[in-house]
Amino acid sequence: MANRVYKPGCLVEARNTKYSRGKGIILTGPHDEKPWYSADHTIENFLVHWFERPGIVDDWEWRRTGTRNFKMTKNQIKAVRQKKS
């Protein structure tokens with residue numbers, strides 16, 4: 001099985017429970033950020049626009065923000081269909 005490529009334009013879904021998966025599209029990324037708890041560890045973040053609310057985004061946060069763009073890590077999303085080069 002080929003490695004999945006996470007790049008802008010890729011259709012993704014949330015990796016969480018069976019019944020609360022959302023679909024979205026990667027807008028930008030990956031952006032390397034260092035978390036506050038570890039100076040030597042970096043996390044790849046992606047900006048994802050969600051079409052339906054995934055379970056990893058709280059309901060109040062979904063309604064509060066005007067846009068549906070959220071930062072997600074590679075462990076929170078799974079590529080469904082890759083963008084053709």
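Residue numbers count from 1 along this sequence.
- A salt bridge does not link Lys23 with Glu52: none of the charged nitrogens is closer than 4.0 Å to a carboxylate oxygen.
- Within the model, atoms NZ of Lys78 and CG of Asn75 stand 13.5 Å from one another, a figure rounded to the nearest 0.5 Å.
- From Trp50, atom CH2 reaches atom CD1 of Ile77 across 6.5 Å, with rounding to the nearest 0.5 Å.
- Note on ring orientation: taking the six-membered ring where Trp is involved, the planes of Trp62 and Phe70 are parallel (angle under 30°, cut-offs 30° and 60°).
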Exercise for the section: Evaluate the side chain to side chain contact (heavy atoms under 4.5 Å, CB included) criterion for residues Val12 and Val80: first the C-alpha distance (whole Å), next the side-chain angles of each, then the deciding distance (0.1 Å), finally the verdict. Expected result: CA-CA 5 Å; Val12 295; Val80 176; 5.6 Å; no
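- Among all heavy-atom pairs drawn from Thr28 and Pro8, the shortest one is CA-CG, 4.3 Å.
- When all heavy atoms of Lys74 and Arg15 are compared, the closest pair comes out as O-NE, 4.1 Å.
- Between Ile25 and Val48, the closest side-chain pair of non-hydrogen atoms is not below 4.5 Å.
- Between His49 and Ile26, the closest side-chain pair of non-hydrogen atoms is not below 4.5 Å.
- Residue Gln76 holds its CD atom at 11.0 Å from CZ of Phe46, rounded to the nearest 0.5 Å.
- Annotation: the span from Arg53 atom CZ to Arg63 atom CZ amounts to 8.5 Å, rounded to 0.5 Å.
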